[in-house]
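Protein chains get the first letters and strands the later ones, always in sequence-line order, with residue 1 at the start of each.
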Amino acid sequence: MNVAEFLQPSEGELRTALVLVPVLPSLAVFALGAAFLAGIPLKERTIVRAVSTLLSLSFAIVCMLGLHWLRSPLGAIDVRAGSWFSIDHYHFEVAFLLDRLSLTMAFATGSIALLIARFSERYLHREAGFGRYFLLLALFVAGMQLLVLAGSYDLLFAGWELVGLSSMLLISFYHLRPGPMRAALRAMTVYRLADVGLLVAGVILHQSTGSSEFADAFDPGRWPHVATHLQPGTATTIGLLLLLSVLGKSAQFPLGGWLPRAMEGPTPSSALFYGALSVHAGVYLLLRSAPLLERSPTASLVVGLVGLLTAVHATLAARTHADAKSMLAYATATQVGLMLVAIGLHWWNWVLLHLVAHAFLRTLQLLRAPSALRDAQELRAALQQQEATVPGFGRWSHFAGAETLAKLHHLALRRFLVDEAIERYFVSPLMTASRIADRAEQRWVTLLSHLPLAFAESTKEQAPRTAEKRAP
Amino acid sequence: MQRAHALGTMQRSTQEPPHEALHAVLEHTKHVLPAQGPIGTFVHHNTLHAYEHLSFHEAIAEACELRGARGYLSEEKYRAALREERITLAGIDEALAQRGTDGFVGKLSRRSIERLQLAHGILPEAPAGFRWRTEEQQLTTRFRDDVSEAAKRKIIDGTHQWIGDPSAEKEFAKLLHPRTSLAALRALYGAEPSAAAVSLLWNVCAALHPRRKRAHGTPAELPHRHYLQTVGALDPARAVSELLGRFLSSYLDEGMARWSMPDRHKGLLVSAEAFLRSGGMLREEWVCNAQERLAAHLQAQASTTDLLLQLLNEFDVPQAQWDDWIPRFLFAQAGWSGMIARLETHPEDRRAGAPSVALDAFLALRLLLEAECVQSIARSLGHRGSLPSFLKTLRHRSVLEAHEDGLHGGPFLLFQLAQLAGIAPRELWNDGPGHAQQLVDALERFTPLQRQRVFQEAFEQHHLHVCTSAIEKNRAHNAQEQAVAPRFQVLFCIDDREEAMRRHFEELAPDHYTFGVAGFFGVAMNFRSLDDPRPSALCPVVVTPQHAVEEEVEAEEDKYAQRRARRRRAYALLRREVLDASQSFARGALLTPFLGVLAAIPLALTVFFPRKTAQLSERVRTTLLPPPKTHLVTDRDAAHPALGFTLTERIERVAATLENIGLTRNFAPLVALLGHGASTNNNPHHSAYECGACGGRNGGPNARAFAAIANEPEVREGLRARGIELPNDCWFLGGWHDTTTDAVTLFDTDRVPEQHRSALKALTTALDQARGLSAQERCRRFEHAPVDLTPEQALVHVEERSVDLSQARPELGHATNAMCIVGRRTISKGLFLDRRSFLVSYDPSTDAEGALLERILGAVVPVGAGINLEYYFSTVDEDRWGAGTKLPHNLVGLLGVLEGVSGDLRTGLPRQMIEVHEPVRLLCVVEATPEALLRAAKNRPEVGRLVGNGWVRLVSMDPDTGKFLLFRGGEFVPFQPNEHPLPVVATARDWYRGHSSFLPPARLQSKREGSQTARKELHE
């Protein structure tokens, strides 16, 4: 078989190849998972070989798909791999979409994941959760590839959830300490809340076009110049719902508080998720939904504003925090916010470039985070600074008085108390309401089932215990 | 050293005025908090330094109780060491004999009970665990796995007789009812004798029901969070620590954040008030309250002490308990508290204009925040009333929690003992409940802490015997060998990591001689290299250098040097700008697309080809920034009035070092000094890998300075006047050995006179061979290194480790340290010591008065003990004394590492440095008489304290007879090592090949005779 033939696969081969991209990493998940469940001790080398081989194969297929796409005359190749299940009027089509956007993302995902796998082999040597780490890494790659190659919101959602799950489990990698567990729980809660947006958006899209596939919802064309026949109102609704899920996944204002707290796992997993890929998943979702946003100036405006707010909030926080990982987390959030601003302005190609370049840059910076001390020492030596120069407020001191800047500094260091505000104005009332509802329900149930009142009394006594949760 | 302020004076009378008492308690607290300074210079020190006035074991008991930490390995780990024969039963017996338990309980000697406890572990179970194990693991019908066959036989046979005895039926009625019946037991015996026997034994134990006696002393007053935990409330310390951690990281930041905290110079409390004030109504209620109280306090300009007294009163802490309560309270954020105490007590570590720190202010701030936080928790729990009344209620509730002593306690302990000791059920039953109770009491008397202590001593005892036996035999062998005229003499640091390098270098030829001397070579100096912005002290931390030395460019190279400085500056500016921009707003957005592409390439290269990438960037660096020729300014002259040493001082420095190591005649034509350093990448703990004798820095400049001084003709004349026969045709060379890559760099080789050129070449070749062999030997411990590496491949492997971004273990540091040999090399030469020993050269024959010994021990013992004990404590409890795994570490404020983003500042050594370490106290074998040693210990109080209190183990080896005396219980007692064979092998590789763990000493077959003839042939 010569190269040309190789790059001109039949429909069936294309389908198989596409399915393999996420399936190969998930094979590693199943194999490792089965071995752990069966209690088979695996050598580090075996684990690494298994995962790296499957990730490399998956990446190789992405590269071949890329070459194939370059040679094809179409801007986008729509591949239906089959139907997962169907009920009445609903068919869950396993559809993939190959275009510039998805291939770029799949390429970045595959290559960065391989880099991280290679890095982690030595970095995590002898760590107690070595196997677990690589299992989660493979799970993440499977999810991320599914997410970026998906041809419909439904399939994308499946990948989205896998990414969220692996993210949460890696934040809590050190599950014996309370800090990582709390951070993981917070991330998961935010994900759960935000993912409702994506789910509902899919449903609405289904309602209005009869399908949640991109190929049906949007007109054919070369991304990003794809039109849609959706009504502007529907487009706005869907766009805003999508934005809700982006707020969670890409840590945007006001749901971004979990990101700086998520840097609890081993450094390479932080790099992979919160520097490189997971944090950009939301940006990808909006890029994918470019036609929707083109159709809805309102949604575009809101996206841009949210991005701007995030960027300003994050850049101020990044300037005031003094630990390497928080600084990088907020620097990342700043740039992701700016990507949203550019999305609001419909600079699609710029955003894609910004995204990929940013992913590589932050990966390098996060992997090198432990070098911060050496870097500072080297800079000081080369600049012949006798003492640590104490940076002031830089250019900002031209714009505001010292007192204002001092206040701003403290506010930024307290992260503008966004989490506290959410706690006070959203979580607390919600919890109180739930508790009231819970008590009311208990009463109703007692009343309706005609149980003696003594039982109701005994349940009442437990109330103070639930109240403890309210403490700070 | 003044920090060893006696903690014993803790019993202060309550009549003392509160202000003074509080001051004293704060001083005491500063000492028990972690003492590690900013991480840029990591100096190994005894983690329990504050307790050095106590004996080692007492200190552990006291410090660990206060901190809630472990002071020894877990019993499980000791038992694993026992299985691997790192601890022997003989060693355990010796340690038990030291403990001095005598007497019998019934037929069992107490000693044998304790031995069983150690060897097998006889531990009680928690009620739930007991239930589970009974149901799931048939605990009461199966023998423990480690019961000997003889014991099983005895129990089964005894059971057989008993249940077959018709006269015993009445006993059984009493014993078995209502659990089971004799008939059932007999039936079970028919089917499964051992199950029946165990079951009967269990029934006997349950019926005897001995009780565990707990010491019910008055428990110490614990900080409130312990009581809050018992009622399931939230931990107030967590919320407060998170808030304070964020504040402190910015307040104490040494230049990491892009915006520094404004108005830091106004002090901790003022800045904290401003920080807490921000956020207005969004803040939590308790933060508001705390801030308002703090503001009121600042407004009133009251003293911090008054605030502290008021808060301690609120927490209802009686004055008598302050010195216990306050450290416990601060341990909730031990890392940051320790850093504050450290910065306060060592202002010299801080840059000019750094914000003020004071532990009392921090304590007040923390107390204030926690007081308000606990109040808010109290409110949320429905408590109305004052803080003290809430805390009283809490304490009351947690004391009520009684321990019920069920079957899982006493009976279960007895049951295990009976199995292991092979006590037949009937015997146990006939001896009655009083006897059973005595057995359990005997078990309980040997507390976990005492068991660990015995284990630790047994561990060390075995090590002592193996090492001394090897030295004894080796000395006898070496005594028969004749010295040959030296060709090369190389002075290394005493560092344990240099042991292999020295051995390999010596094994190459019999006229290779090496010496061990503290790696600053007696040249204590404030050194500033060409690339340093400011000088740093290159000497042990206990010394304050009085002299400054600078690296100076040769006049003709000035042009290049200036160009180099310009380029370095330009590159640094670019780097800083890019780094800054990548984390900023608009510039970040504009630059990222380009930077990202640029980042992807080095990222991929460095992850996949770390060594090649590093070589490439090094090549680029040397091409763009060629290092100019330089020399060190060591002479104080008119041109450099503030630099260098005077002639007398220079002579004094060289003479002292040469005298210390006993090198005063028979000089080789070429004498080299090798300092050492490390090269690691992506590693905040880098400094911990460098030379401890140079204050956690590279000792190369000291070697270079020493060589330059020793080569001066005037200095030589002065030396000769002092009786040091240093001929004029002898040349000194300085250099440094990289302990990570095993590279050897020699300085100023272009200045070597013509006559020594060929010798220099030969020396370089020999050092190259030695470093290859050293790297090869080190690789046996790296799991990622293939087993059969040649020396060249091994060098490639270790070089790759040093530049690999992903390598958390560039080298193993001092992880193998265990011993220190002070004496002539003839006692240790040719001995494979597995890189486990500090090697200090000392010639007792030239030191009649013991003045040299005193000088040497004064430097070596504190440094060696500091390293050894830091490794010890980081190993035995990596959560409290150590820094835990490196992987989530997060550099903060250029001060230290946080664990993740939510954790505390971590002190001590990370797991990746200590995981192969075997925690034994440093065994010092000194070739000196006990009188000389006692004199040295008396004149050097820090040595006396460490030795006298058992922080290091000391063995005197008689210089003439080679007889050992062991220092124990305040005196030297004769000591004869157990017989351990000393294997003889041709090369070190024959001994270590195929092993990755610790190896006992072996003797390398002397090739001296053979190789000497070979070399002669080569020369002719």
J.: Which bit of B:S529 comes within less than 4.5 Å of chain A, counting heavy atoms only: side chain, backbone, both or neither?
T.: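 Neither part; nothing is under 4.5 Å.
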J.: Can you list the steps and then say if B:N683 with A:R374 is a side chain to side chain contact (heavy atoms under 4.5 Å, CB included)?
T.: CA-CA 8 Å; B:N683 175 17; A:R374 166 89 64 92; over 6 Å; no
J.: Under 4.5 Å heavy-atom distance to chain A, tell me which part of B:P236 shows up: side chain, backbone, both or neither.
T.: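 Neither; nothing under 4.5 Å.
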J.: Taking side chain as C-beta onward, heavy atoms only, is A:R362 less than 4.5 Å from B:S582?
T.: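 Yes. Closest side-chain heavy atoms under 4.5 Å.
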J.: For the CZ atom of B:F594 and the CG atom of A:L353, what is their distance to the nearest 0.5 Å?
T.: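 Interatomic distance, B:F594 CZ to A:L353 CG, rounded to 0.5 Å: 7.5 Å.
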J.: Identify which part of A:T315 has an atom lying under 4.5 Å from any heavy atom of chain B, answering side chain, backbone, both or neither.
T.: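 A:T315 touches chain B through side-chain heavy atoms alone.
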J.: Measuring from B:S806:OG to A:R118:CZ, what's the distance to the nearest 0.5 Å?
T.: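 Here the rounded value is 7.5 Å.
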J.: Given that the side chain runs from C-beta out, which part of B:S241 has a heavy atom under 4.5 Å from chain A: side chain, backbone, both or neither?
T.: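 Neither the backbone nor the side chain of B:S241 comes within 4.5 Å of chain A.
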J.: For A:R319 and B:Q583, indicate whether the former's side chain and the latter's backbone hold a donor-acceptor pair under 3.5 Å.
T.: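 No.
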J.: Heavy-atom distances under 4.5 Å only: say whether A:R368 touches chain B with side chain, backbone, both or neither.
T.: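 Backbone plus side chain of A:R368, per the 4.5 Å heavy-atom cut-off to chain B.
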J.: Distance check, rounded to the nearest 0.5 Å: A:R182 atom CZ versus B:R238 atom CZ?
T.: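 The CZ atom of A:R182 sits 3.5 Å away from the CZ atom of B:R238.
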J.: Does the pair B:E242/A:R415 count as a salt bridge with the N-to-O cut at 4.0 Å?
T.: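 Salt bridge: no.
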J.: Counting only heavy atoms closer than 4.5 Å, note whether A:L124 contacts chain B via side chain, backbone, both or neither.
T.: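 Its backbone and side chain both get close to chain B.
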J.: Could you pull out the closest heavy-atom pair between B:R809 and A:H125, with the gap in Å?
T.: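 Between these two residues, the closest heavy atoms are NH2-O, 3.0 Å.
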J.: Is the count of non-hydrogen atoms from other residues, nucleotides or ligands lying under 6.0 Å from B:R621 atom CZ greater than 12?
T.: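 No, the 6.0 Å shell around CZ holds no more than 12 heavy atoms from other groups.
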J.: For the residue pair B:L887 and A:E127, establish whether any side-chain heavy-atom pair is separated by less than 4.5 Å.
T.: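 A side-chain contact exists here, since the closest heavy-atom pair is under 4.5 Å.
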J.: Could you check whether any side-chain N or O of B:N682 sits under 3.5 Å from a backbone N or O of A:L367, counting only pairs where one atom can act as donor and the other as acceptor?
T.: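 Side chain of B:N682 to backbone of A:L367: a pair is present.
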J.: Quick one: what part of B:D532 sits under 4.5 Å from any heavy atom of chain A, side chain, backbone, both or neither?
T.: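 For B:D532, the contact with chain A is made by the backbone alone.
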J.: What part of A:L338 gets within 4.5 angstrom of chain B, counting heavy atoms only: side chain, backbone, both, or neither?
T.: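 Contact with chain B: side chain only.
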J.: Of all of A:M339, A:Q377, A:Q365, A:E44, which one pairs up most often with chain B through heavy atoms under 4.5 Å apart?
T.: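 Max contact count across the listed options: A:Q365.
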J.: Between chain B and each of A:R414, A:E420, A:R424, count heavy-atom pairs under 4.5 Å; write down the option with the most.
T.: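 Looking at each option in turn, the highest pair count goes to A:R414.
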J.: Check B:F275 against A:L413 and note the closest heavy-atom contact, atom names and distance.
T.: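 Answer, listing the atom of B:F275 first, then A:L413: CE1-CD2, 3.6 Å.
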J.: Side chain from CB out, backbone as N, CA, C, O: work out which of these in A:E264 comes under 4.5 Å of a heavy atom of chain B, or both, or neither.
T.: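 The answer is both parts of A:E264.
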J.: So does B:F608 have more than 12 non-hydrogen atoms from other groups sitting under 6.0 Å from CZ?
T.: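 Result for CZ/B:F608: enclosed.
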J.: Take atom CZ in A:R45; do more than 12 heavy atoms of anything else shown fall under 6.0 Å from it?
T.: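 Result for CZ/A:R45: open.
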J.: Side chain, backbone, both or neither: which part of B:D804 has an atom under 4.5 Å from a heavy atom of chain A?
T.: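 Side chain only.
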J.: Locate the shortest heavy-atom distance separating B:A257 from A:H321; write the atom from each residue and the value.
T.: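 Scanning both residues completely, I find the closest heavy atoms to be CB-O, 3.3 Å.
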J.: At a 4.5 Å cut-off on heavy atoms, which part of A:V356 comes close to chain B: side chain, backbone, both, or neither?
T.: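 Contact with chain B is absent: no heavy atom of A:V356 under 4.5 Å.
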J.: Evaluate the side chain to side chain contact (heavy atoms under 4.5 Å, CB included) criterion for residues A:T363 and B:L603: first the C-alpha distance (whole Å), next the side-chain angles of each, then the deciding distance (0.1 Å), finally the verdict.
T.: CA-CA 8 Å; A:T363 308; B:L603 174 64; 4.0 Å; yes
J.: Could you look at A:A311 and say if it's the side chain, the backbone, both or neither that has a heavy atom under 4.5 Å from chain B?
T.: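 Its backbone and side chain both get close to chain B.
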J.: How far apart are the C-alpha atoms of A:R380 and B:R534, what are their side-chain angles, what is the distance that settles it, and do they pass the side chain to side chain contact (heavy atoms under 4.5 Å, CB included) test?
T.: CA-CA 10 Å; A:R380 243 175 238 183; B:R534 56 177 166 176; 4.1 Å; yes
J.: Counting heavy-atom pairs under 4.5 Å with chain B, which one of A:R177, A:K407, A:H354 comes out on top?
T.: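 The option with the most such pairs is A:R177.
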J.: Enter the distance from B:M281:CE to A:L417:CG here, rounded to the nearest 0.5 Å.
T.: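 If we round to the nearest 0.5 Å, B:M281:CE and A:L417:CG are 11.5 Å apart.
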J.: What part of B:E783 is in contact with chain A, defined as an atom under 4.5 angstrom from a non-hydrogen atom: side chain, backbone, both or neither?
T.: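 Contact with chain A is through both the backbone and side chain of B:E783.
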J.: Minimum heavy-atom separation for A:A381 to B:P533, with atom names?
T.: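 So the minimum-distance heavy-atom pair works out to CA-CD, 3.5 Å.
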J.: Please classify the contact between A:P178 and chain B as side chain, backbone, both or neither, with a heavy-atom cut-off of under 4.5 Å.
T.: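 Interface part for A:P178: neither.
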J.: Counting only non-hydrogen atoms closer than 4.5 Å, does B:L282 touch chain A with its backbone (N, CA, C, O), its side chain (CB onward), both, or neither?
T.: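 Both parts, backbone and side chain.
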J.: Heavy atoms only, distances under 4.5 angstrom: which of A:G179, A:S111, A:A331, A:A324 has the most pairs with chain B? Name it, please.
T.: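 Option with the greatest count: A:A324.
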J.: Is the number of heavy atoms from other residues, nucleotides or ligands under 6.0 Å of A:W350 CH2 greater than 12?
T.: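 Yes, CH2 of A:W350 has more than 12 neighbouring heavy atoms, counting only those of other groups under 6.0 Å.
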J.: Can you measure from OG (A:S326) to CG (B:L898) and round to the nearest 0.5 angstrom?
T.: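 Going from OG on A:S326 over to CG on B:L898, the span is 8.0 Å.
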J.: Examine whether an atom of A:T334 lies under 4.5 Å from a heavy atom of chain B, and if so say whether it belongs to the side chain, the backbone or both; otherwise answer neither.
T.: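 Only the side chain of A:T334 comes within 4.5 Å of chain B.
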J.: If you count heavy-atom pairs under 4.5 Å between each of B:R246, B:R568, B:R569 and chain A, which one has the most?
T.: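 With the most close heavy-atom pairs to chain A, the winner is B:R246.
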J.: Can you tell which part of B:V240 gets under 4.5 Å to a heavy atom of chain A, answering side chain, backbone, both or neither?
T.: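 Neither; nothing under 4.5 Å.
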J.: Heavy-atom cut-off 4.5 Å, strictly under: side chain, backbone, both or neither for B:L573 against chain A?
T.: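 Both backbone and side chain of B:L573 come within 4.5 Å of chain A.
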J.: Side chain, backbone, both or neither: which part of B:R379 has a heavy atom under 4.5 Å from chain A?
T.: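 Neither; nothing under 4.5 Å.
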J.: Quick one: closest heavy-atom pair of B:S271 and A:H410, and the distance?
T.: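 Scanning both residues, the minimum pair turns out to be O-CE1, 4.2 Å.
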J.: Under the side chain to side chain contact (heavy atoms under 4.5 Å, CB included) criterion, do A:F360 and B:L595 qualify, and how do the steps go?
T.: CA-CA 9 Å; A:F360 279 103; B:L595 287 180; over 6 Å; no
J.: Does any heavy atom of chain B fall under 4.5 Å from the side chain of A:R261, the backbone, both, or neither of them?
T.: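 It is both, since atoms from each part get that close.
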J.: Is the count of non-hydrogen atoms from other residues, nucleotides or ligands lying under 6.0 Å from A:Y425 atom OH greater than 12?
T.: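 Count over threshold, so yes.
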J.: Checking heavy atoms, do the side chain of B:H686, its backbone, both or neither come under 4.5 Å from chain A?
T.: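 The answer is the side chain of B:H686.
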J.: Do the side chains of B:F585 and A:V312 get nearer than 4.5 Å, heavy atoms only?
T.: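 They are in side-chain contact.
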J.: Given heavy-atom pairs under 4.5 angstrom as the criterion, report whether the side chain, backbone, both or neither of A:F173 touches chain B.
T.: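 No part of A:F173 comes within 4.5 Å of chain B.
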J.: Name the region of A:Y330, side chain, backbone, both or neither, that has any atom closer than 4.5 Å to a heavy atom of chain B.
T.: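 Neither part, no heavy atoms under 4.5 Å.
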J.: For a quick test of reading the model, state the closest non-hydrogen atom pair linking A:L373 to B:G40 and the distance between them.
T.: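 Scanning both residues, the minimum pair turns out to be CD2-CA, 4.0 Å.
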J.: Please check: side-chain N/O of A:K325 versus main-chain N/O of B:H889, any donor-acceptor pairing under 3.5 Å?
T.: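 Yes; at least one donor-acceptor contact below 3.5 Å.
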J.: Taking everything shown except B:Y571 itself, do over 12 heavy atoms lie less than 6.0 Å from its OH?
T.: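 It does not: B:Y571 OH has 12 such atoms or fewer within range.
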J.: Can you tell which part of B:R283 gets under 4.5 Å to a heavy atom of chain A, answering side chain, backbone, both or neither?
T.: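 Its backbone and side chain both get close to chain A.
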J.: Below 4.5 Å from any heavy atom of chain A, which atoms of B:L530 appear? Answer side chain, backbone, both or neither.
T.: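 B:L530 touches chain A through backbone heavy atoms alone.
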